[in-house]
Protein chains: 2
Amino acid sequence: MSICSYMKGITLIVTEQIEICDVPMVDPEKVDRVKRALTDEETNDRLSHVFGALADPTRLRIIDALSREELCVCDISAALGLSQSATSHQLRTFRQLRLVRQRREGRLVFYSLDGFWTKIVIFIF
Amino acid sequence: MSICSYMKGITLIVTEQIEICDVPMVDPEKVDRVKRALTDEETNDRLSHVFGALADPTRLRIIDALSREELCVCDISAALGLSQSATSHQLRTFRQLRLVRQRREGRLVFYSLDGFWTKIVIFIF
DNA sequence: GGCATATATGAGCATCTGTTCATATATGAA
DNA sequence: TTCATATATGAACAGATGCTCATATATGCC
């Protein structure tokens, strides 16, 4: 929900609204309706980050690979023709977003998709 | 399908394989299985572009808005607090990926989501 | 035609991103 | 402990990205 949605009747900051929203409107009612319906900012940001994780060909390939089998870092690298470093950096992105699980087995670390993927879909569509 | 998958028995370019895939492997069979299963490069690229379109908070907000109602450029701008130029530039991204429809009505151009969104989901998940 | 408005687009710029390279950490084996 | 291997991470750099500003195009009205 954007700031402008809460502006009605708050005279004090109406000037701010004019500054922020100085774009002409065709259908103010529709605009207001849409503004109210919008997803909250936190969710929007979180979601854009998740899509960002899939927005790079290399990362999408890694997800593609992990959707087939659980793989250790070196096997991901081998399967996709990536350097160990590049693979590890990209896996960090996934880890931070909790899109993958990791499991250590001796010197190897095995990655797999978190059982979370279906949630994304439900979320947006 | 990567080059390496086709390398079996082709002695002539085995040296190339060694150069490309100089990362140690733990489970060559698994690596090979995964390589065979991977989505083709064209689809992978296309898909990463689509996700890229959703990977920016501003663009995701536009999609969010358009998922509620058909909107003209200035109303999108107004609803999201964006400049007309920024909005137009981002809509261009969507147009190029055919993620939106556009309909001109006088001086206004109305945008709406293409009925295509469900396809993405089916594709990956 | 001439003017106003809605949208599109190119240039320029600051920021973000993905890679490589070097190095650190972690585990296992000798 | 010492060495080798697997993974993680920081720095640096080239390329991509998203914005603004200026301007072009397109339509409607006079």
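Convention: sequence-line order gives letters A, B, ...; per-chain numbering from 1. Values below: every heavy atom of this structure, side chains too, minus hydrogens, waters and symmetry copies.
Neither A/F110 nor A/I63 shares a network with the other; the hydrophobic side chains, linked directly or stepwise wherever heavy atoms of I, L, V, M, F, W or Y lie under 4.5 Å apart, form separate groups for each.
Of the candidate nucleotides D/dT7, D/dG28, C/dT19, C/dT19 has the atom nearest to the side chain of A/T58. When distances run from any side-chain atom of A/C74 to the nucleotides D/dT7, D/dG10, C/dT7, the shortest one goes to D/dT7. Among the nucleotides D/dT7, C/dT7, D/dG10, the one closest to any side-chain atom of A/H89 is D/dG10. Taking every side-chain heavy atom of A/D56 into account, C/dG18 is the closest of C/dG18, C/dC21, C/dA8.
Atom-to-atom distance recorded for A/L82:CG and A/Q90:CD is 8.0 Å, nearest 0.5 angstrom.
When the side-chain nitrogen and oxygen atoms of A/Y111 are compared with OP1 and OP2 of D/dA8, one or more of them lie within a distance under 4.0 Å. Not one side-chain nitrogen or oxygen of A/R104 sits closer than 4.0 Å to the OP1 or OP2 atom of C/dT25. Phosphate proximity of D/dG18 to B/R59: present, with a side-chain N or O under 4.0 Å from OP1 or OP2. A/Q102 has no side-chain polar atom (N or O) that falls below the 4.0 Å cut-off from OP1 or OP2 of D/dT7.
The nearest whole Å value for the distance from the CD atom in A/E105 to the P atom in D/dA6 is 14 Å. Rounding to whole angstrom units, CZ of residue B/F94 and P of C/dT9 are separated by 15 Å. Atom-to-atom, CZ of A/R95 to P of D/dT9 comes out at 5 Å; the value is rounded to the nearest Å. Taking atom CZ of B/R107 as the reference point, atom P of C/dA4 lies 12 Å away to the nearest angstrom. If you take CG of A/L91 and C1' of D/dT7, they are 10 Å apart, rounded to a whole angstrom. Distance CG (A/L71) to P (D/dT7): 11 Å, rounded to an integer number of Å. In this entry the distance linking CG of B/L82 with P of D/dC21 reads 14 Å, nearest Å. Atom-to-atom, CZ of A/R92 to C1' of D/dT7 comes out at 13 Å; the value is rounded to the nearest Å.
Judged by distance alone, with hydrogens and angles left aside, the side-chain atoms of B/R59 form a donor-acceptor pair with the main-chain N or O of B/A53 at under 3.5 Å. A donor-acceptor distance shorter than 3.5 angstrom exists from the side chain of A/R61 to the backbone of B/T39, with no hydrogens or angles considered.
Judged by distance alone with a 3.5 Å cut-off, no donor-acceptor contact links the side chain of B/S83 to the base of D/dC19. No hydrogens or angles were tested; on distance alone, a donor-acceptor pair under 3.5 Å links the side chain of B/S85 to the base of C/dT9.
Map B/Q84 and A/A86 each onto its nearest nucleotide of DNA chain D; the residue landing nearer the 5' end is A/A86.
Residue contacts shown for B/T87 are absent, as no nucleic acid heavy atom lies under 4.0 Å away.
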If you apply the rule salt bridge (charged side-chain N to carboxylate O under 4.0 Å, His left out), what do you find for A/E70 with A/R103, and how did you get there? CA-CA 10 Å; A/E70 184 196 52; A/R103 176 178 70 82; 2.7 Å; yes
